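This one's a predicted model, so the numbers in the text were calculated from it and none came from an experiment. Protein chains get the first letters and strands the later ones, always in sequence-line order, with residue 1 at the start of each.
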Amino acid sequence: MQFKSIFHKKKKYASIPTEKAKQEIPEGLVEKCGSCGKIYYEKEWTQQLKVCPNCGTHHRLTAYERIDALLDAESFIEWDQSMETTDPLKFPEYQEKLKKDQVKTGLKDAVVTGKGTINGYETAIVVMDPFFRMASMGAVVGEKIARALENAREEQLPMIIFTASGGARMQEGMISLMQMAKTSMAVDRFNRSGGCLVNVFTHPTTGGVTASFASIGDYHFAEPKALIGFAGRRIIEQTIREKLPDDFQTAEFQLEHGQVDKVVHRHELKALLTTVLDLHQPKGRDE
Amino acid sequence: MKQVLSFEKPIIELKEKIKELKGMAEENNLTLDDEINTMEQRLKRLEQEIYDHLSIWDQIQIARHPERPTSLDYIEQLFTDFIELHGDRLYRDDPAIITGIAKYKEVPVTVVAQQRGKNTKENLHRNFASPHPEGYRKAIRQMKLAEKFNRPIICFIDTKGAHPGKGAEERGQGEAIARNLMEMAHLTVPIIAVVIGEGGSGGALGIGLADHVHMLENATYSVISPEGAASILWKDATKAEEAAKSLKITAKDLKALGIIDEIIPEVKGGAHRDFDMQVAYLDTYIEKSFNYLTTIDRLTLPDLRWEKYKKIGEITE
């Protein structure tokens, strides 16, 4: 055995809980960072909001985890919880895929909408869930987001949208594409009523969602390293016949190219959103 | 050489035989009228048979036919005094999108169109009608001018999709399309969009949010190319025909789904077979929309447009 491999092995062992600790933790109570491999107790992992303290990777959150982490306890009122797709095209294998993700996530479709308070400030909120069909946008996602924007407009609430999406949902064909129009038009109506739209890009936000409501907010924040783009990396590489740099379409890349206002660590997001909401309180202008 | 589609082969072959027979008759001073007549009757039946039973794949081939009339062909015939206007005032002029002002039935209008090339050289110049962000920004600049001067907007859609490239991403392809959708939502002039060839996803929609959306009979409009869908769903691009069927991308399917307003009939076998006739068909439908939409109070147009798109997407609660 070479010296190098002995050293490597040692280093690897260092990040694993001791044998004693291992015996004390029942199965399922530890989480492993998929990026650097470091293992954490479930409790610490949750406290860290799934951001690895070792390598800084922001792992994906479910919609409800995001809401729990951000909104004041018991303040969330959900809208349109039971809305479901009708599989309008009777697309092959779609029903099975939906059922599977419904069981996996406990959601009817890929977005949760509603309102609540952040440190006492009232806001409407939309959170896309990347664990449900990669948060692709079909009729339900489009309709729920449009309705949430309409509700926020009527109730004169600001709106915070956590974007995540693989793009338009292929299995609903052109109906999915038209949700780009519907949601963008809803943003337009919300805008013209004076509403404040804060979009937070999370990993990954692509395709038809990037080309609709996600890109036309008043403020664009993004989580570190989140993938944000229109076309897929593979398709671009095939088209231009060259390899793209590693940081292509990351949050930092979009910051550099002017599409994002600020890249924000997940642990600092609540404080930032609180300040933004505070800066948009009407009282400041009235006095 | 003319491009022949596979399903057209029997027709072309029969036509050649008739031509041969006619030539032979003339050369040898023979009377073959009966034979020629019979064959011409057969040709008619064959054309009817083939063109009335086109498969979805045949239709896609027609929509992608290299000789299919392009936006500029229609613009030249439908409008007078067309002045092409270039550039987005931010970065450059995108030849994949044509914009300009013209007269339609003596009324000033704004024209926005995706433009394919007819040969390799033209296609390289036009980037195969796949726009960059600057194309969409040029389009919205012209549409805002249309609103300022109260000119109806007529859009021709014909693209495989927005360009998937490095520069396009760096300059905000997603933002450019999104902004167009948001701005088109509240324009207080009529917008008519016609899909004349391929309607490729967000790249098509980026100039296609309209009060009336029509499609030529053999045109397609899809969220993803059939080849792309097949390779994602079944890891097999050869299943494109199956994907095309499932995706519901034909004018007939999209009319049934309430996505488009009217199907504009095509000349038998495709628009390229009789361009003048096709222009006349197109003119009829554009004129009908034009006359109807120009009677509506300008300020109510955005609300009507919202009502139209709000309805799309069946759900249960």
Side-chain angles (χ1 to χ4, degrees), chain A residues 80 82-86 88-93 138-140 142-143 146 168-182 184-189 191-192 206-216 228-232 235-236 238-240 242 244 248-249 253 257-259, chain B residues 130 133 161-186 199 201-206 208-209 221-224 228-229 232-234 242-243 246-249 253-254 257-260 302 305-306 309-317:
Chain A
D80 303 307
S82 58
M83 196 189 288
E84 238 181 304
T85 177
T86 59
L89 306 189
K90 305 280 164 269
F91 201 93
E93 299 152 44
V140 174
E143 179 70 14
R169 190 168 300 169
M170 200 170 24
Q171 290 88 348
E172 293 185 27
M174 281 295 288
I175 291 170
S176 299
L177 193 77
M178 292 301 133
Q179 304 310 309
M180 291 170 62
K182 189 197 276 183
S184 300
M185 292 172 100
V187 168
D188 181 54
R189 287 164 64 83
N191 264 342
R192 283 183 299 144
T206 63
V209 166
T210 300
S212 62
F213 63 90
S215 291
I216 43 178
I228 306 162
F230 175 67
I235 295 186
I236 299 172
Q238 278 165 11
T239 306
I240 64 175
E242 62 178 274
L244 292 162
F248 188 69
Q249 293 179 323
F253 170 95
H257 288 91
Q259 293 299 327
Chain B
S130 286
H163 181 68
K166 199 165 170 237
E169 293 292 318
E170 286 169 342
R171 298 194 290 279
Q173 187 74 287
E175 192 271 350
I177 293 170
R179 188 154 305 277
N180 278 21
L181 298 178
M182 187 169 76
E183 299 282 0
M184 290 174 90
H186 62 246
S201 200
L205 184 64
L209 195 157
Y221 199 174
S222 182
V223 69
I224 184 168
I232 292 173
L233 285 169
W234 302 301
E242 204 179 322
S246 302
L247 284 166
K248 306 266 186 279
I249 62 174
D253 284 332
L254 295 173
L257 284 169
I259 307 268
I260 62 157
R305 214 171 285 144
W306 166 241
Y309 282 92
K310 201 170 80 167
K311 281 191 303 213
I312 300 178
E314 194 185 284
I315 45 106
T316 60
E317 291 179 79

>> Looking at every non-hydrogen atom in both residues, tell me the closest pair between A:Thr210 and B:Ala178 and how far apart they are.
In response: O-CB, 4.3 Å

> Relative to chain B, which segment of A:Gln249 carries a heavy atom at a distance below 4.5 Å: side chain, backbone, both, or neither?
Replying inline: side chain

> B:Leu181 and A:Ala181: which non-hydrogen atoms are nearest, and at how many Å?
Replying inline: CD1-N, 4.3 Å

>> Less than 4.5 Å to any heavy atom of chain A: does that hold for the side chain of B:Ile224, its backbone, both, or neither?
In response: side chain

> Is there side-chain contact between A:Phe248 and B:Lys166, with heavy atoms separated by less than 4.5 Å?
Replying inline: yes

>> Which atoms of A:Gln171 are under 4.5 Å from chain B, going by heavy atoms: the side chain, the backbone, both sets, or neither?
In response: side chain

> Going by heavy atoms in the side chains, are A:Met170 and B:Leu247 under 4.5 Å from each other?
Replying inline: yes

> For the atom pair CD (A:Glu84) and CD (B:Glu314), what is the distance rounded to the nearest 0.5 Å?
Replying inline: 12.5 Å

> With only heavy atoms counted, which part of B:Leu254 is less than 4.5 Å from chain A, the side chain, the backbone, both or neither?
Replying inline: side chain

> Counting heavy atoms not belonging to B:Lys311, are there more than 12 under 6.0 Å from its NZ?
Replying inline: no

> Is the backbone of A:Phe230 close enough, under 3.5 Å, to the side chain of B:Glu169 for a donor and an acceptor to pair up by distance?
Replying inline: yes

>> For B:Ile232, which atoms come within 4.5 Å of any heavy atom of chain A: side chain, backbone, both, or neither?
In response: side chain

> Is there side-chain contact between B:Met182 and A:Phe213, with at least one heavy-atom pair below 4.5 Å?
Replying inline: no

> Of the backbone (N, CA, C, O) and the side chain (C-beta and beyond), which part of B:Thr316 lies under 4.5 Å from a heavy atom of chain A, both, or neither?
Replying inline: both

> Does a side chain donor of either A:Ser82 or B:Glu317 reach within less than 3.5 Å of an acceptor in the other side chain?
Replying inline: no

> Side chain, backbone, both or neither: which part of B:Arg171 has a non-hydrogen atom closer than 4.5 Å to chain A?
Replying inline: backbone

> With a 4.5 Å heavy-atom cut-off, do A:Leu177 and B:Ser201 have their side chains touching?
Replying inline: yes

> Do side-chain atoms of A:Lys182 reach the backbone of B:Ile312 as a donor and acceptor pair under 3.5 angstrom?
Replying inline: yes

> Tell me, do A:Thr239 and B:His163 make a side-chain contact under 4.5 Å, heavy atoms counted?
Replying inline: yes

>> With heavy-atom distances below 4.5 Å as the criterion, would you say the side chains of A:Met174 and B:Leu257 are in contact?
In response: no

> What residue in B:Leu209, B:Val223, B:Asn180, B:Asp253 has the most heavy-atom pairs under 4.5 Å with chain A?
Replying inline: B:Val223

>> Looking at every heavy atom in both B:Lys310 and A:Glu143, which two are closest together, and how far apart are they?
In response: O-OE1, 3.9 Å

> Less than 4.5 Å apart, any side-chain heavy atom of B:Trp234 and any of A:Glu93?
Replying inline: yes

> What pair of heavy atoms forms the shortest contact from A:Ala211 to B:Ile177, and how long is it?
Replying inline: O-CG2, 3.8 Å

>> At a 4.5 Å cut-off on heavy atoms, which part of A:Ala186 comes close to chain B: side chain, backbone, both, or neither?
In response: both

>> Would you say that A:Asp188 contacts B:Glu183 through its side chain, given a criterion of any heavy-atom pair below 4.5 Å between the two side chains?
In response: no

> When rounded to the nearest 0.5 angstrom, what distance separates CE in A:Met178 from CD1 in B:Ile260?
Replying inline: 10.0 Å

>> With chain A as the partner, which of B:Met184, B:Gln173, B:His186 has the greatest number of non-hydrogen pairs under 4.5 Å?
In response: B:His186

>> Which one wins on heavy-atom pair count under 4.5 Å against chain A: B:Ser246, B:Gly174, B:Gly313?
In response: B:Gly174

> Highest number of heavy-atom pairs under 4.5 Å with chain B: which of A:Ile175, A:Ile228, A:Ile216, A:Leu244?
Replying inline: A:Ile216

